[in-house]
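Questions regarding the structure given below will be posed in turn.
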There are 2 protein chains.
Amino acid sequence: MSLRYALLGLLADEAGSGYELTKRFERSLDRYAWHAKHNQVYQELNRLAADGLAEVVEEGARGRKTYAITEAGRADLRHWLLNPPRTPVVRNEFVLRLFLLFALDPKEARSVLADYAAAVQRDLDALTALVESANFDPHDGVLPDPLAFGHLAAGFGLHMLPASRDWAQWAITQIDNQTGEDAGHEGARETGTSGGDGSAEDGGATKGSGAVEETPGS
Amino acid sequence: MSLRYALLGLLADEAGSGYELTKRFERSLDRYAWHAKHNQVYQELNRLAADGLAEVVEEGARGRKTYAITEAGRADLRHWLLNPPRTPVVRNEFVLRLFLLFALDPKEARSVLADYAAAVQRDLDALTALVESANFDPHDGVLPDPLAFGHLAAGFGLHMLPASRDWAQWAITQIDNQTGEDAGHEGARETGTSGGDGSAEDGGATKGSGAVEETPGS
DNA sequence: CAACGACATGTAGAAGTTGACACGTGACGG
DNA sequence: CCGTCACGTGTCAACTTCTACATGTCGTTG
């Protein structure tokens with residue numbers, strides 16, 4: 001049912017057509033919150049309209065239909081937002097891959113982590129640039145209104161991306177410490193596999209006594 | 001196909017039965033990486049065996065079948081780990097809900113955020129306690145081996161949970177600033193809705209000029 | 001030894017998601 | 001005015017996941 005509420009949420013922000021909503025979906029929710037394809041969006045909009053939670057408020061060129069949320073839709077969305085389930089579903093193929101890295105040998109795992117950290121850094125740079133340019137088109141990214149949809153999402157990225165990158169770098173130091181300790185003959189040299197560019201290297205951190213360390217505290 | 005690789009990953013760590021793998025799944029992958037139900041696990045194990053990626057190495061009491069990964073399975077997993085897709089799928093009902101908070105009025109949104117921050121803090125406390133008790137049963141959580149599965153996952157939690165909590169607190173200050181500025185008559189009082197306990201309140205932070213601020217830098 | 005709860009594995013149908021394809025429209029350049 | 005490309009909406013079959021149900025076992029307790 002999450003897709004339904006994702007769409008109701010977007011409609012609560014502003015009415016729009018399937019095509020337009022698909023684009024907004026990709027811009028805002030897709031990365032961290034929820035993924036959906038355009039055909040799913042169209043189908044769900046039809047269902048939303050059938051259930052009276054949204055309605056067609058305009059029909060334009062090329063069969064374009066603009067949907068708006070109804071009062072019933074707002075009430076339903078509100079109820080969903082205020083009643084979180086005990087165990088929400090999380091599916092993240094990124095993270096899954098990272099968690100399973102132990103199945104590779106250390107230098108391969110190190111390479112994947114370095115690539116990941118670099119990619120996260122690129123995302124972060126892009127987001128930072130977007131946020132700092134502070135006066136964007138409201139339809140193109142973050143809104144100036146601090147309560148608005150894009151603002152919360154941007155803040156989320158600005159908090160989570162560094163943490164994600166730092167974790168990857170921490171994991172790299174764990175690997176380096178490990179290979180340096182009990183396999184000192186092939187530890188910390190350039191890896192090469194899958195095009196790692198080494199741009200995510202971390203200085204320091206040569207301790208490491210076995211337990212989890214060097215993590216941000218509570 | 002992610003479930004398939006999640007299971008191959010767990011099997012690469014250690015052989016196990018469907019029941020046991022389901023438990024390991026819930027303990028390790030479920031929270032951040034991938035969610036699956038027990039019946040899905042059993043079905044996928046059958047398919048894995050049919051495809052030669054896993055095999056039954058032992059049949060015990062109560063029809064219990066212990067599966068182990070095969071060489072083909074290891075190769076397949078390795079290939080998957082080393083070849084990430086351009087756009088992995090992310091679905092997180094938690095985050096979706098948080099992103100759509102703008103559809104509530106400020107005090108309700110504030111309450112949900114406070115609840116969320118408190119819940120994250122509880123998770124973090126639990127994880128910290130687990131990690132600090134440093135000598136757990138290897139089958140019960142984090143392994144002492146720094147490269148091992150649970151270790152990377154625990155480190156992930158220790159990095160991401162504080163960021164997540166901090167984001168929620170940041171969002172709360174954004175709401176407080178907003179309501180304090182242009183609706184000063186009903187801004188920062190106790191909310192009550194859905195049982196917020198206020199334990200995640202943040203002192204300070206009364207600035208706020210419209211753009212995204214007070215976020216960890218690059 | 002009967003009852004009971006945790007263990008352990010599964011099936012069936014419905015709902016959600018994916019990937020590929022299909023088809024008409026409007027704008028714009030040549 | 002013709003081709004082409006982005007726009008815009010949709011269908012369909014295959015696959016994945018969810019909810020609910022079904023079935024039997026082992027160990028413990030009364």
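Bear in mind that the values here come from a model prediction, so they are computed numbers and not experimental data. Residue numbers start from 1 in every chain, and the chains themselves are labelled A, B, ... in the order their sequence lines are given, proteins ahead of strands.
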Under 4.0 Å: is that the gap between some side-chain N or O of Arg91(A) and OP1 or OP2 of dC18(D)?
yes
For Asp166(A), side-chain hydrogen bond (donor to acceptor under 3.5 Å, both in side chains) partners two or more places apart
none
Quick one: how far along DNA chain C does chain B reach, first to last nucleotide 5' to 3', anything under 4.0 Å to a heavy atom?
dC7(C) to dT18(C)
To the nearest Å, how far apart are Gln40(A) CD and dC15(D) P?
18 Å
Taking for Val89(B) and for Arg64(B) the nucleotide of DNA chain C with the nearest heavy atom, the one nearer the 5' end belongs to Arg64(B)
Check every atom of dG10(D), dT9(D), dT16(D) against the side chain of Met1(B) and return the nucleotide holding the closest atom.
dT16(D)
Between the side chain of Thr128(A) and the main-chain N/O of Leu124(A), is any donor-acceptor distance below 3.5 Å?
yes
Can you name the residues that form a salt bridge (charged side-chain N to carboxylate O under 4.0 Å, His left out) with Arg97(B), not counting sequence neighbours?
Glu93(B)
Taking any heavy-atom pair under 4.0 Å as a contact, classify Arg4(B): base, sugar-phosphate, or nothing.
nothing
Within this structure, what is the OH-to-P distance between Tyr67(A) and dG8(D), rounded to whole angstrom?
14 Å
Ignoring backbone atoms, establish whether Lys65(A) has a side-chain N or O less than 4.0 Å from OP1 or OP2 of dG10(D).
yes
What is the separation between atom CZ on Phe25(A) and atom C1' on dT9(D), rounded to the nearest whole Å?
17 Å
Nearest heavy-atom approach of Leu81(B) to Leu100(A) is CD1-O, 3.6 Å
Restricting to ring-ring contact (aromatic ring centres under 6.0 Å, His included), what partner residues turn up for Phe25(A), sequence neighbours left out?
none
Applying ring-ring contact (aromatic ring centres under 6.0 Å, His included), can you list everything that pairs with Phe94(B), at least two apart in sequence or on another chain?
Tyr116(B)
Options dT17(D), dG8(D), dC18(D), nucleotide nearest the side-chain atoms of Leu3(B):
dT17(D)
Counting primed atoms, P, OP1 and OP2 as sugar-phosphate and everything else as base, the B/S/- map of nucleotides 22-28 of chain D against protein heavy atoms under 4.0 Å is ---BS--
Just to verify, what does Arg4(A) make a salt bridge (charged side-chain N to carboxylate O under 4.0 Å, His left out) with, not counting sequence neighbours?
Glu44(A), Asp51(A)
Check the distance between dT9(D)'s C1' and Leu21(A)'s CG and give it to me in whole angstrom.
13 Å
Between dC7(D) and Tyr19(A), is there an OP1 or OP2 to side-chain N/O distance shorter than 4.0 Å?
yes
Under the ring-ring contact (aromatic ring centres under 6.0 Å, His included) rule, collect the residues that match up with Phe156(B), sequence neighbours excluded.
Phe99(A), Trp167(A), Tyr32(B)
Asp76(A): what forms a side-chain hydrogen bond (donor to acceptor under 3.5 Å, both in side chains) with it, not counting sequence neighbours?
Tyr5(A)
Asn39(A) CG to dT9(D) P: how many Å, rounded?
13 Å
Within the structure shown, what part of the strands sits under 4.0 Å from Ser17(A) by heavy-atom distance: base, sugar-phosphate, or nothing?
sugar-phosphate
